[in-house]
Structure formats: C-alpha cells, structure tokens
Amino acid sequence: MKLQKFIFLIFILSISFMITNCTREVTIDMKIQKQAFGTTPGGQEVLLYTLTNSNNMQVQITNYGGIITSILVPDKNGKLSDVVLGYDNLDSYIKVTPYFGCIVGRYGNRIAKGQFTLNGKTYSLATNNGRNHLHGGIVGFDKVVWTAKEITEKEVLGLELSYLSKDGEEGYPGSLSATVTYTLTNQNEIKIDYLATTDQPTVVNLTNHSYFNLKDAGLTPILDHQLMLDADAITPVDSTLIPTGEFMPVAGTPFDFKNLTPIGERINADDQQIKYGLGYDHNFVLNGKMGELRLIGKVYEPASGRVLEVLTTEPGVQFYSGNFLDGSITGKNGAVYHRRHGFCLETQHYPDSPNQPNFPSTVLNPGEKYQATTIYKFSVKK
Ligand code: BGC
C-alpha cells in the first residue's frame with residue numbers, strides 16, 4: 001500500500017514537472033518573421049516584420065518609415081484583434097498618410113514658420129503645414145527606408161532600425177545617425193528606444209505616430225475611450241498650433257485628464273484652445289522628471305476592456321484626437337477613417353522648442369547622445 005502511495009506521488013511530481021516545462025517552452029515561443037512588403041518608386045525593397053510574444057500578442061512593423069502597421073492584443077474575453085489604424089499595403093502608405101504608425105523625425109511636431117537659429121545661424125525648413133514646418137518636412141523619417149536588424153535574445157524580441165539623415169536633409173544641419181529599436185516583451189509591452197548622434201549641432205525630436213482605437217482599430221469614434229494624463233499644464237497654442245511659450249494650468253479646463261475621463265466628454269467645449277485644435281491637438285507638460293521612465297498616461301476602453309498604459313522619459317506628450325481624419329481614407333479591412341476614429345499619444349519634447357528659450361532644449365551637439373524611451377503597455381480590465 002505504502003509503495004503504491006509512493007508511486008502515485010512520483011507520478012504526480014513528474015506530471016507537474018512536465019507542466020512547468022511546457023509553460024517554460026511557451027515562454028520561449030516568441031518569434032520574429034519577415035516577408036516582402038513591396039518596393040518603393042525608387043526601387044528599394046521593403047520588408048514587413050511580424051513579432052509574436054508568448055501570449056500571442058503580435059506587432060507588425062515595416063522598415064518603410066518604421067511604421068507599426070498592426071498591433072493584435074486580447075480583449076477582456078481573450079479575443080485578439082487589431083488596435084491601430086493603417087493600411088494593408090505599402091503603396092497606400094507611400095501615396096497618402098496622416099503619419100499612420102510611423103517614426104517621426106528629424107523633428108516631431110511643428111517649428112514656427114519653418115525657421116530656427118542655432119549658434120547664430122538661421123536655418124530654413126520646408127513649410128508643409130500652412131506657414132509652419134511639421135513632422136520633419138516633405139520627406140521626413142516616416143518616408144524613408146530604414147536598415148533593419150532583427151534582435152532575438154532570450155525573452156527579448158526586437159527590431160533595430162537605423163537611418164543616416166545627411167547634412168542639409170530637409171534643411172536641417174549636420175548628419176544625424178538615428179537608431180530606433182522596437183522591442184516586444186512578454187508583458188505585452190512595445191518598448192521604443194530612440195538614439196541619435198550628430199556630427200554638427202542640430203535639433204532632434206523623435207516620436208511614434210500610432211493612431212490607436214482600442215475598440216475596433218478605427219471603425220468607430222474613440223470618444224468613449226477614457227483617458228488619464230499625468231499633466232498639470234499644457235503648452236497653449238495660437239491658431240496655427242504653435243505654442244505661445246506659456247504654460248496653461250489644466251485645472252478647471254477641458255484639458256484636465258488627471259483622472260480617467262471619456263475623451264468625448266469635453267471635446268466640443270466652448271474653449272479657445274479646443275477651438276484652435278478642432279478638439280485635442282495639444283502638448284501636455286508631463287509631471288515627473290524628464291529622463292526618468294515613468295507612467296504618464298492610461299487609456300481604458302470599456303466595451304473591449306482593453307487598457308493602454310504609456311510610460312516615457314520625455315517631458316511632453318501630444319494628445320491628438322484625430323480631428324483631421326475626414327473619411328477620405330479607407331484603411332485596413334475596408335475601415336473608413338472618419339473624424340476622431342483614432343487618437344495619438346506622441347511622446348516628445350515640446351513643439352517649436354528650437355524657438356522657445358523656456359522649453360527643454362532639443363539641441364544635439366557632436367559627442368552627445370540623444371536618448372529617449374517610450375513604452376506602450378497593453379492589458380485588460382474585466
Ligand atoms: C499633429 C496634428 C496633425 C497630425 C498629422 C499630429 O501630430 O499634432 O496637428 O494634423 O499630426 O496627421
């Protein structure tokens with residue numbers, strides 16, 4: 001009898017050992033695959049990388065513009081579906097895009113009248129947004145082919161993208177060597193590490209321009225999504241969305257997102273800043289210490305139960321509520337992107353910093369390293 005008990009115990013122990021091992025195998029089952037995504041008009045081959053973690057979360061990234069083309073994450077019932085806007089094919093991204101999912105550079109956001117002075121010399125950039133410069137110019141970092149390197153280390157799955165922006169490109173001084181590394185973790189995080197060096201003084205402000213819709217990837221408006229931003233102030237803008245240089249406290253305004261609040265609740269408020277932005281299109285001055293990775297934002301979408309948390313080392317975030325989407329774009333799976341069907345949380349230095357002495361500097365000198373990290377972390381609330 002005792003021997004039978006002993007054998008039974010051994011049996012149970014070996015079963016639990018097998019189960020533990022299986023689990024371990026599941027965690028190892030992260031993978032990165034690549035496929036052709038097309039060719040640019042200039043003849044450059046473009047690839048599409050699919051990163052899958054051990055929870056089956058999947059991120060697709062192309063080396064054209066470093067664009068995140070899809071993010072599949074589970075909802076509260078465990079059903080995986082896409083949560084970003086974009087296209088199914090390269091040609092559409094090349095033809096027209098409101099910066100879907102891309103890396104924005106050399107300078108994300110606006111520079112007033114496309115001009116700035118650095119060390120006594122004035123530089124002129126393209127004015128591609130009314131009288132201002134936006135998102136790096138005519139051919140910004142979103143419209144170039146990046147050199148891709150796959151990273152597959154234990155528990156780390158990543159794609160390292162590099163691009164050398166030549167001296168004078170889009171009017172910016174200095175050759176800038178930029179590396180953006182996307183990492184997918186088993187905690188359902190997309191980590192983005194930005195790194196840049198230069199051979200002459202220049203300005204730099206890199207970000208990612210993903211349009212999220214945690215409910216249905218852009219089929220319906222994002223107004224029911226609840227947003228929290230850890231910011232006590234915004235940098236108010238003029239009618240052309242250039243900061244006035246002031247800091248405007250959010251308390252008592254439609255910009256107070258210190259507690260989770262539906263995006264749609266005050267989006268049409270009778271407020272001058274809301275009117276200038278046609279909704280939200282503003283830089284929030286983040287609390288906490290610039291340079292330290294901290295939680296700065298959270299979005300909860302009640303129907304799907306999906307939660308997005310944003311961590312960054314940056315001092316600001318542009319919260320853009322997709323006001324300029326106008327139904328003229330049909331994207332993935334035939335989705336028509338109407339006004340406010342997606343939102344962006346672009347972590348960044350403040351807009352027009354090269355012309356604003358009171359804003360944190362965006363100047364990069366030779367010998368210095370531009371470094372920033374942002375994490376988009378997905379989970380569910382049941
Ligand atoms: C800007 C918007 C702009 C959009 C372009 C955002 O980062 O803040 O004003 O229209 O990018 O798609």
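Whatever order the structure lists ligands and atoms in, that order sets their numbers, starting from 1. Values below: all heavy atoms of this structure, side chains included; hydrogens, waters and symmetry mates excluded.
Distances below 4.0 Å separate heavy atoms of Gln318 from the following atoms of ligand 1: 8 (O). Within ligand 1, counting atoms from 1 as listed, the ones closer than 4.0 Å to a heavy atom of Tyr99 are 5 (C), 12 (O). For ligand 1, the atoms sitting less than 4.0 Å from at least one non-hydrogen atom of Tyr211 are 12 (O), numbered in the order shown with element in parentheses. Listed by atom number, the atoms of ligand 1 under 4.0 Å from His135 heavy atoms are 6 (C), 7 (O), 11 (O).
Classification of the His338-His341 ring pair by plane angle, with boundaries at 30° and 60°, yields perpendicular. The aromatic rings of Trp146 and Tyr163 are tilted relative to each other, their planes meeting at an angle between 30° and 60°. Taking the six-membered ring for Trp and thresholds of 30 and 60 degrees, Phe212 and Tyr376 have ring planes inclined between 30 and 60 degrees apart. Classified by interplanar angle (parallel below 30°, tilted 30° to 60°, perpendicular above 60°), the ring pair His209/Tyr99 is tilted.
Between Arg110 and ligand 1, a contact under 3.5 Å exists for at least one N or O pair. Geometrically, ligand 1 and Pro98 share a nitrogen or oxygen pair separated by less than 3.5 Å.
Here the shortest heavy-atom distance to atom 8 (O) of ligand 1, taken over Thr97, Thr207, Leu241, Asp281, belongs to Asp281.
The nearest protein atom to atom 7 (O) of ligand 1, hydrogens excluded, is given as Glu346 OE1, 2.7 Å; this is a heavy-atom distance. The nearest protein atom to atom 10 (O) of ligand 1, hydrogens excluded, is given as Phe324 CD1, 3.0 Å; this is a heavy-atom distance. Atom 6 (C) of ligand 1 has His209 NE2, 3.3 Å as its closest protein atom, hydrogens excluded (heavy atom only).
Screening Ser177, Pro366, Ser175 for a side-chain contact (heavy atoms from CB on, under 4.5 Å) with Asp199, the sole residue that qualifies is Ser175.
Using a non-hydrogen distance threshold of 4.0 Å, Phe319 does not register as a contact of ligand 1.
A salt bridge links Asp82 to Lys332: at least one charged side-chain nitrogen sits closer than 4.0 Å to a carboxylate oxygen. Using a cut-off of 4.0 Å between Lys/Arg side-chain N and Asp/Glu carboxylate O, Asp193 and Lys191 are scored as salt-bridged.
Residue contacts with ligand 1, taken as heavy atom pairs separated by less than 4.0 Å, do not involve Gln348 at all.
Here His282 and Phe319 keep their ring centres 6.0 angstrom or further from each other.
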